[in-house]
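Each remark here refers to the structure printed beneath this line.
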Amino acid sequence: SGTVVLVPSGPLTAAPWTLLPGLRGRELVVARSATSWFRDRDPLRSTPSGRESPVCFVAGPDLARAEEEVRAAAALWPDSLVLVGPAATAAAVRSAFAGPGLVHVAAHGVHEAGNPLFSSLVLGDGPLFGYDVTGGPPVPHQVVLSACDLGRVTTRPGDEVLGMTAALL
C-alpha cells in the first residue's frame, strides 16, 4: 500500500503503468534514476485543505474542455494559480514550473522524435519546448501532463530517453 517507485529502462519509460491492475489507485513515481528519486524523495504530500506548496493549473488553447478540466481541478485548491486563455503563456508556465509543488497542464502536446527536446506543449503564445525546462530551476515535485503525445520518448544509445517527460524528470 506504499509508494511504488519505478526506474524503467528504454521504451518502458513511457508505459502506461497506472493501467496495470496491481498499480491502480497506488501512489506511483517514475524516476530517472534511483539516486535522483532518493535525493528528491520529499514529494508534495498534501490535501486540498492542508498542502505544503502552491498548485498551478494551465489550460492551453484550442483543446476542447481543457479550461473546464483545470477549473474543476482548481476548485479543490481555492488559492491555486490558474492560467487560461491569454495568461497561459510559455513564460508564465516556465515561471509556474519554478515555484509550485504541483502543476497540471491540459494542452495539446507534440513529441518530436527527430529532436526530442523540441517536444512541446502548445500554449497561448506558442510552444513551450522540452529544452525550455532543462537546465533551469528545479521543476515541481509533481507535473500532470494532460496532453497528447507527451508521454512518448525517444530512446538513444545507452538507454538514454529524451522527450518532454525526460526533460521534466
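When all heavy atoms are compared, the tightest approach of Ala106 to Ala66 is O-CB, 3.7 Å. Summarising the geometry of His108 relative to Asp62, their closest heavy-atom pair is NE2-O, 2.7 Å, with the distance given to 0.1 Å. Heavy-atom minimum distance, Pro61 versus Gly124: CD-N, 3.7 Å. Across every non-hydrogen atom of Ala88 and Ala59, the tightest pair is CB-O, 3.4 Å. Between His111 and Ser119, the shortest heavy-atom distance links the atoms ND1-OG, 3.1 Å. Nearest heavy-atom pair, Ala92 versus Ala87, reported as atom, atom and distance to 0.1 Å: CB-O, 3.5 Å.
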Inset, instruction - Begin with the C-alpha distance, continue with both residues' side-chain angles, and end with the deciding distance and a verdict on side chain to side chain contact (heavy atoms under 4.5 Å, CB included) for Val58 and Val70. - result: CA-CA 6 Å; Val58 180; Val70 300; 5.7 Å; no

Inset, instruction - Show your working on side-chain hydrogen bond (donor to acceptor under 3.5 Å, both in side chains) between His104 and Glu69 and close with a plain yes or no. - result: CA-CA 10 Å; His104 177 111; Glu69 175 182 327; 2.6 Å; yes

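Taken together through direct or relayed side-chain contacts under 4.5 Å among Ile, Leu, Val, Met, Phe, Trp and Tyr, Leu83 and Val103 form part of one hydrophobic cluster. Taking hydrophobic clusters as Ile, Leu, Val, Met, Phe, Trp and Tyr residues chained together by side-chain heavy-atom distances below 4.5 Å, Val144 shares a cluster with Val82. The hydrophobic cluster containing Leu123 does not contain Leu63, counting ILVMFWY residues as joined when their side-chain heavy atoms lie under 4.5 angstrom apart, directly or transitively. At a threshold of 4.5 Å between side-chain heavy atoms, the hydrophobic network of Ile, Leu, Val, Met, Phe, Trp and Tyr places Val93 and Val143 in one connected group. Cluster annotation: Val30 and Val4 are assigned to the same hydrophobic cluster (Ile/Leu/Val/Met/Phe/Trp/Tyr, side-chain heavy-atom contacts under 4.5 Å, transitive).
Contact check for Val105 versus Leu121: side-chain heavy atoms found under the 4.5 Å cut-off. At least one side-chain heavy atom of Ser120 sits less than 4.5 Å from a side-chain heavy atom of Val110.
A side-chain donor-acceptor contact under 3.5 Å links Asp125 to the backbone of Ala90.
Under a 4.5 Å side-chain heavy-atom criterion applied to ILVMFWY residues, the cluster that includes Leu19 comprises that residue alone. Clustering of Ile, Leu, Val, Met, Phe, Trp and Tyr by side-chain heavy atoms under 4.5 Å joins Tyr131 with Leu117, Phe118, Phe129.
Once rounded to the nearest 0.5 Å, the distance linking CG of Leu28 with CH2 of Trp17 reads 8.5 Å. Note that CD of Glu27 is 3.5 Å distant from OG1 of Thr3, once rounded to the nearest 0.5 Å. Atom CG of Leu76 is separated from atom CZ of Phe57 by 7.0 Å, given to the nearest 0.5 angstrom.
The environment of CZ in Arg24 is crowded: more than 12 heavy-atom neighbours from other residues, nucleotides or ligands sit within 6.0 Å.
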